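Working notes, structure below.
All figures in this text were calculated on a predicted structure; none of them were measured in a lab.
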Amino acid sequence: MSVVRSISTALALLAATSLTGCATPRTAQPGTTILAGGTIYDGSSETPFVGDVVIAGDEIVYVGPGRDAPANARIIDASGMVVAPGFIDPHTHAQRFLDASDSEGRLNLPWLMQGVTTIFSGVDGSGTPEVGAFLDEVETRGFGTNVATYVGFGPVRRAVLGESGRAPDEGELREMKSLVAKGMCEGALGLSTGLYYVPQSFADTDEVIALAREAAIRGGIYDTHQRDEATYTIGVEQSVQEVLTIGREAGLPVHIAHIKVLGVDAHGTSGAIIEAINRARGAGQDVTADQYPWEASGTSLQAALLPPWSQDGGREALLERLEDPAQRGRIEAEMAENMRRRGGAHSLLLVAPGHEWTSMRLDAIAAKWNVDPIAAAIRIIQDGDRSGKLVSFNMAESDIVAFMRQPWVVTSSDGSEGHPRMYATFPQKYRQYVQQAAAVDLATFINSSTGRTADRFGLSDRGHLRPGYKADIVMFDPDRYRPVATYLRPRELSEGVLTLVVNGEVVIADGKPTGVAAGRALRHRPPPETCPA
């Protein structure tokens with residue numbers, strides 16, 4: 001039953017922030033919206049309380065005990081529900097929705113239905129240097145969630161060196177640095193790299209440091225899919241040391257994307273990784289990470305199994321090498337070792353839609369074709385770049401929990417096609433690790449999905465339920481909030497979010513999308529003196 005409440009007058013806007021929404025100002029909604037009588041987790045405090053959250057326009061104007069409300073207030077009964085800041089996902093692959101031409105696609109429903117109100121794009125080194133144009137398009141075409149982005153090492157390196165494995169000369173490095181500076185000046189959060197992926201993997205540490213300095217000058221962060229999360233090249237422990245070196249030498253905060261120890265050889269090494277990061281933090285270095293709560297990663301057969309040298313020069317060069325018996329033999333031997341690292345052919349589930357092998361394990365595909373698993377993998381790789389989309393079961397539960405409990409780790413989805421994490425990461429973490437395993441409590445789950453993330457990335461008017469902050473708010477049923485997507489049915493929308501508010505506008509009501517695209521582009525603002533007028 002709705003309870004009549006009242007509010008105090010709206011507080012003044014907070015001071016200018018380092019990362020702000022820059023959409024064209026909207027006309028404030030008439031009246032006031034009140035989420036009344038919910039159990040409030042404000043994004044920072046460990047202690048919830050029962051009360052009201054009051055919204056006027058795009059702002060929160062009151063959080064506290066219930067009071068009488070004006071007659072024209074819109075009341076949303078939150079009794080028995082959890083009310084929290086909207087979740088922030090700092091690592092997504094939402095390009096299908098960002099590129100969608102239809103308004104329904106641009107609602108970004110997989111994330112909205114989880115209670116996510118802000119996503120980060122351009123991760124793993126994928127972000128375009130044309131940051132301004134990208135964020136302008138988010139605003140002009142409309143989008144369901146707020147969007148921030150990185151400038152990515154991949155497009156920067158390709159623009160100058162193509163798919164080549166060689167190092168840049170002085171002029172080429174200068175050109176790459178200018179592209180990073182351009183992206184930063186147009187609003188990128190920082191520099192993102194995917195040093196595991198070709199052609200980024202061809203870069204040495206000094207090349208990355210030189211580009212990261214351009215982000216550092218402009219107040220950015222270094223976000224990285226590190227060079228090795230397993231034992232592929234330098235090993236995960238040495239890879240973490242490379243991340244720390246880049247941060248120290250370039251002079252900027254570092255953030256490790258989807259932290260994990262991947263594969264049978266690396267299982268159990270989370271303790272050593274945590275110790276190394278805590279040591280760096282204790283010495284004053286700014287180091288954090290994000291994590292998704294799944295035992296399987298998502299990648300491609302090509303990235304999972306092929307040695308990097310075989311891809312020097314791009315796909316055509318790879319296909320030529322596979323036709324050369326001597327080179328193919330070397331490739332097959334290294335693929336076999338990489339497959340062993342990941343736990344064998346049965347650990348690899350193919351998920352690219354529209355193929356005879358969709359939703360089959362690699363060992364089953366090989367048996368069907370009466371070939372060995374490496375031959376089957378090469379056949380799939382030869383079929384096309386995206387034919388080998390993969391879910392790889394390669395993590396140990398003890399390592400997942402160890403990382404999750406660190407105060408410097410935040411929740412992310414790494415949401416990508418073919419993996420349920422795109423549709424179900426936040427409810428998965430709640431259901432499995434809060435309710436079932438009790439690995440973390442509800443307040444920690446919310447903090448690591450909201451306030452901790454906002455504070456880390458400079459979203460200084462989001463991530464908390466406080467007067468003057470933007471009204472990004474989720475209300476979910478603690479008994480019904482759950483993932484529906486599975487590894488075999490990855491495109492199922494999550495359940496249990498009853499109300500979701502983005503920038504003061506209700507985008508989910510009574511558990512259903514309203515069709516409103518209220519997201520904004522969030523631009524990092526570098527010091528003015530570091531960017532040309």
Side-chain angles (χ1 to χ4, degrees), residues 19-31 33 35 55-60 74 76 84-90 92-122 127-128 130-149 187 189 413 415 417 422-426 450 454 459 461-463 469-476 491-523:
L19 191 66
T20 57
C22 298
T24 301
R26 302 172 184 226
T27 302
Q29 297 177 4
T33 300
L35 280 73
I55 304 162
D58 65 355
E59 274 195 350
I60 298 168
R74 175 184 183 181
I76 298 173
F87 300 141
I88 300 168
D89 190 340
T92 77
H93 298 275
Q95 207 59 42
R96 171 161 67 94
F97 305 98
L98 289 162
D99 290 342
S101 58
D102 62 300
S103 57
E104 182 176 354
R106 294 186 66 80
L107 288 177
N108 199 19
L109 289 180
W111 275 273
L112 285 186
M113 295 300 286
Q114 296 179 63
V116 174
T117 54
T118 297
I119 67 167
F120 291 6
S121 182
T128 175
E130 303 298 328
V131 170
F134 170 78
L135 294 175
D136 286 348
E137 186 173 9
V138 169
E139 293 179 349
T140 57
R141 296 181 63 200
F143 201 66
T145 59
N146 302 309
V147 180
T149 194
L189 292 163
S413 69
E417 297 290 348
M422 176 178 274
Y423 282 71
T425 283
F426 289 81
T450 59
L459 280 70
D461 57 357
R462 300 180 194 271
Y469 275 51
K470 297 303 180 187
D472 292 347
I473 305 168
V474 62
M475 182 183 90
F476 67 85
R491 286 190 171 188
E492 301 292 326
L493 294 169
S494 295
E495 296 179 350
V497 171
L498 302 184
T499 299
L500 189 67
V501 180
V502 178
N503 294 310
E505 300 191 54
V506 177
V507 300
I508 294 177
D510 298 323
K512 298 178 181 178
T514 64
V516 174
R520 298 178 183 173
L522 305 183
R523 288 174 167 86

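At distances below 3.5 Å, not a single donor-acceptor pair connects side-chain atoms of S121 with backbone N or O atoms of T149. Looking at Q114, its side chain does come within 3.5 Å of a backbone N or O of T425 through a donor-acceptor pair. Put simply, the side chain of R141 gets close to the backbone of A100: a donor and an acceptor are under 3.5 Å apart. Between the side chain of T514 and the backbone N or O of V506 there is at least one donor-acceptor pair closer than 3.5 Å. At least one donor-acceptor pair closer than 3.5 Å links the side chain of S494 to the backbone N or O of Y423.
Across all their heavy atoms, L109 and P513 have their closest contact at CD2-CG, 3.6 Å. The two residues E417 and R491 come nearest to each other via the heavy atoms OE1-NH2, 2.9 Å. Across all their heavy atoms, N108 and F143 have their closest contact at ND2-CE2, 3.5 Å. Scanning both residues, A518 and V507, for their nearest heavy atoms gives CB-CG1, 4.1 Å. Taking every heavy atom of both residues into account, A517 and G142 meet most closely at CB-C, 4.3 Å.
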Task: Criterion side chain to side chain contact (heavy atoms under 4.5 Å, CB included) on I473 and I55, from CA distance to verdict - done: CA-CA 10 Å; I473 305 168; I55 304 162; 3.6 Å; yes
TODO: In sequence, state the C-alpha distance, the side-chain angles, and the governing distance for V474 and T117, and then conclude on side chain to side chain contact (heavy atoms under 4.5 Å, CB included).
DONE: CA-CA 8 Å; V474 62; T117 54; 5.9 Å; no
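Ring-plane geometry between F87 and F426 is classed as parallel, the angle between the planes falling under 30 degrees on a 0 to 90 degree scale with a further cut at 60.
Counting only heavy atoms from C-beta outward, the side chains of M113 and I508 approach each other to under 4.5 Å. In this structure, the side chains of L112 and L493 stay at 4.5 Å or more apart for every pair of heavy atoms.
With sequence neighbours left out, D89 forms a side-chain hydrogen bond (donor to acceptor under 3.5 Å, both in side chains) with W111, S413. Every residue two or more places apart in sequence or in another chain that forms a side-chain contact (heavy atoms from CB on, under 4.5 Å) with E104 is listed here: D102. The side-chain contact (heavy atoms from CB on, under 4.5 Å) test applied to T118 returns I88, F120, N146, L459, R462, D472, L522, not counting sequence neighbours.
Just one residue in the list R523, R520, R106 forms a salt bridge (Lys or Arg N to Asp or Glu O under 4.0 Å) with E139, and that residue is R523.
Within the model, atoms NZ of K470 and CG of D461 stand 6.0 Å from one another, a figure rounded to the nearest 0.5 Å.
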